[in-house]
Protein chains: 2
Amino acid sequence: MRLAEYEGKPLYEVVSDTIRRRILDRVYRPGMTLPSEYQLGEELGVSQGTVRKALNDLVTDRILFRRQGLGTFVSEQSEDRSRCLFFNIMQDDGGAMSPVGRTLTFGQYAANAEEHRKLGLRPRDEVYRIKRLRSLGEEPILVERLSVACSKFPNLTRDLPDYMYRLYQIEYGITVSKTQERVKAIGVPQYEAKLLGMTCGEPCLSIDRIALTIDRQPVEWRRSICRSDLWHYACERT
Amino acid sequence: MRLAEYEGKPLYEVVSDTIRRRILDRVYRPGMTLPSEYQLGEELGVSQGTVRKALNDLVTDRILFRRQGLGTFVSEQSEDRSRCLFFNIMQDDGGAMSPVGRTLTFGQYAANAEEHRKLGLRPRDEVYRIKRLRSLGEEPILVERLSVACSKFPNLTRDLPDYMYRLYQIEYGITVSKTQERVKAIGVPQYEAKLLGMTCGEPCLSIDRIALTIDRQPVEWRRSICRSDLWHYACERT
DNA sequence: TAGTGGTCTAGACCACCTT
DNA sequence: AGGTGGTCTAGACCACTAG
């Protein structure tokens with residue numbers, strides 16, 4: 001396959017789009033080694049330098065990673081990455097945290113208006129709703145409510161891992177590559193107050209998150225109610 | 001000047017370090033056009049491709065920017081950048097906001113323990129402390145307390161612009177390139193409650209920020225108390 | 001030793017902007 | 001027209017990893 005179809009795009013974008021497509025089509029799967037830069041260049045009819053630029057762009061997006069002398073690989077949604085990139089709650093003394101989750105409720109429902117809007121659903125789509133409590137040791141930290149489209153995650157069960165993005169990738173071939181969060185301060189509602197050992201109305205963080213795939217489709221909506229006495233939400237910008 | 005001194009670093013890093021150094025030394029100043037890739041390559045004894053990689057890395061760090069056909073420029077701390085990158089409060093309906101600030105108090109003090117820790121000060125260093133109220137139209141939104149070392153910002157006055165990072169750059173040659181923030185939910189204290197038109201103890205956001213220069217030195221500590229009824233803190237991750 | 005990614009070069013042509 | 005960055009190539013050598 002030669003890349004004669006140009007579309008005005010630079011060649012390296014055509015190359016990176018091609019590889020992106022192959023990952024979405026699971027031709028290249030998480031953990032797999034890609035062909036070498038020279039092989040890809042020969043196959044696609046471009047030079048190694050052009051392949052290199054395309055691969056580097058995908059590495060920047062964390063879709064691939066490289067190891068010198070070994071090869072170029074499709075990124076996996078490691079637990080570590082799930083935790084570091086998508087769990088932004090930190091202990092005030094600076095320590096990272098790995099809270100374990102316990103499922104409180106699990107069910108299948110007709111999507112409401114907010115779920116339609118946030119997940120971009122079609123009429124009459126259904127969602128799984130999951131409510132979980134996350135704790136560190138005996139200490140409860142946050143309650144999260146999670147909605148996903150049933151059509152995208154068929155046969156989900158209430159027995160769920162602590163970090164869901166790895167499950168989405170391994171079981172459903174859906175890779176979360178970006179999240180958008182909104183953080184507000186609210187008075188803790190009664191239900192969450194009881195679970196978190198707080199008094200109703202005490203200030204807590206409300207974290208509203210949309211998770212997007214590598215082609216920018218929203219796949220999960222999550223709202224967390226989080227204690228804010230010993231924990232905080234962290235963010236760096238450059 | 002030829003770059004014979006190698007130090008084990010790749011050439012393009014030696015080149016980007018050289019340019020970084022020249023910006024810190026104000027040989028290249030914000031807004032200035034850099035010599036062309038070929039000129040830099042000739043001056044430093046490397047090829048245009050190597051200069052290109054070095055410049056691209058600095059563009060990624062937002063230290064430079066390019067315009068095709070025009071040249072490569074040293075980034076300025078534009079108001080737009082100050083607002084977009086370092087002001088992460090958004091209206092709930094999605095609109096961006098440009099709140100104007102009014103200085104409430106301004107003074108010079110011996111630094112306390114927390115300021116010493118957060119700003120990396122030396123014994124007996126002094127700080128300017130500034131308290132400001134930011135509003136959108138008639139609507140007060142947040143109160144911020146700001147500390148900077150007097151030694152770094154001599155002769156600062158209480159007459160301050162809305163976006164300080166541009167002032168730091170133009171008047172003091174200090175460029176903020178990174179911020180670290182911690183967000184918590186607290187009950188609004190009495191002083192801020194009065195200014196923000198809230199009732200004491202109502203939930204609000206507390207945003208604690210350290211601003212770092214391009215060589216990673218902390219230069220400003222800021223703590224904002226922000227209404228959270230119609231505004232939220234926004235964060236995207238990839 | 002052979003294969004991979006990492007760096008570097010030299011030269012070409014294009015797209016864009018100014019004068 | 002002339003200069004800039006943007007893309008692309010072909011080829012070289014290095015550093016790292018495996019078997």
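Computed from a prediction, not measured in an experiment: that's the story for all the values here. Here is how names work: the chains are called A, B, and so on, in the same order as the sequence lines, proteins then strands, and each is numbered from 1. What's counted below: heavy atoms across the whole structure, side chains too, no hydrogens, waters or symmetry copies.
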Separation of Gln48(A) atom CD from dG5(C) atom C1', in whole Å? 9 Å
Report the nucleotide, chosen from dG6(D), dT9(C), dA10(D), that has the shortest atom-to-atom distance to any side-chain atom of Ser47(B). dT9(C)
Which nucleotide in dT4(D), dG5(C), dT7(D) has an atom nearest any side-chain atom of Tyr12(A): dT7(D)
To the nearest angstrom, the CD-P distance between Glu13(A) and dG6(D) comes to 13 Å
Taken to the nearest whole Å, CZ/Arg52(B) to P/dT4(D) is 13 Å
If the threshold is 4.0 Å, N to carboxylate O, is there a salt bridge linking Glu43(A) and Arg22(A)? yes
I want to verify a distance call: between dT4(D), dA12(D), dA10(C), whose nearest atom is closest to the Tyr38(A) side chain? dA12(D)
Looking at Phe106(B), does the NZ or CZ of Arg145(B) lie under 6.0 angstrom from its six-membered ring centre and within 45 degrees of the ring axis? no
Whole angstrom value for the distance that separates P of dC8(D) from CG of Asn56(B): 14 Å
Among residues at least two apart in sequence or on other chains, which ones pass side-chain contact (heavy atoms from CB on, under 4.5 Å) with Asn56(B)? Arg52(B), Arg66(B)
Hey, is the side chain of Ser36(B) poking within less than 4.0 Å of OP1 or OP2 on dG3(D), counting only N and O atoms? no
To the nearest angstrom, how far is Leu55(B) atom CG from dG6(D) atom C1'? 13 Å
Given dT9(D), dG5(C), dC8(D), identify the nucleotide with an atom nearest to the side chain of Pro10(A). dC8(D)
Short N-O contact, Asp208(B) and Arg222(B), less than 4.0 angstrom: no
Which residues within residues 63-70 of chain B lie with some heavy atom under 4.0 Å of an atom in DNA chain C? Gln68(B), Gly69(B), Leu70(B)
ring-ring contact (aromatic ring centres under 6.0 Å, His included): pairs with one or both residues in residues 42-73 of chain A, sequence neighbours excluded: Phe65(A)-Phe73(A)
To the side chain of Lys53(A), which of dT7(D), dT4(D), dT9(C) is closest? dT7(D)
Are Thr50(A) and dT9(D) close enough that a side-chain N or O sits under 4.0 Å from OP1 or OP2? yes
Please assess Ile19(A) against Ile63(A) for the test side chain to side chain contact (heavy atoms under 4.5 Å, CB included), listing each intermediate value before the final yes or no. CA-CA 10 Å; Ile19(A) 292 166; Ile63(A) 289 167; over 6 Å; no
May I have the step-by-step check of side chain to side chain donor-acceptor pair (under 3.5 Å) for Tyr168(B) and Glu220(B), ending in yes or no? CA-CA 10 Å; Tyr168(B) 296 165; Glu220(B) 183 204 81; 2.6 Å; yes
In whole Å, I'd like the distance from the CG atom of Leu34(A) to the P atom of dG5(C). 9 Å
Check: Tyr128(A) ring centre within less than 6.0 Å of Phe153(A) ring centre: no
Send over the distance from Glu42(A) CD to dG3(C) P, rounded to a whole Å. 14 Å
Non-neighbouring partners of Ser151(B) that pass side-chain contact (heavy atoms from CB on, under 4.5 Å), sequence neighbours left out: Arg122(B), Ala149(B)
Atom pair distance, as rounded to whole Å: CD in Glu37(B) and P in dT9(C): 13 Å
Does Tyr38(A) have any side-chain contact (heavy atoms from CB on, under 4.5 Å) partners at least two apart in sequence or in another chain, and if so, which? Ser36(A), Gln48(A)
Could you provide the dot-bracket string of DNA chain D, using ( ) for intrastrand pairs, [ ] for crossing pairs and | for bases paired to another strand, with Watson-Crick or G-U pairs below 3.5 Å? ||||||||||||||||||.
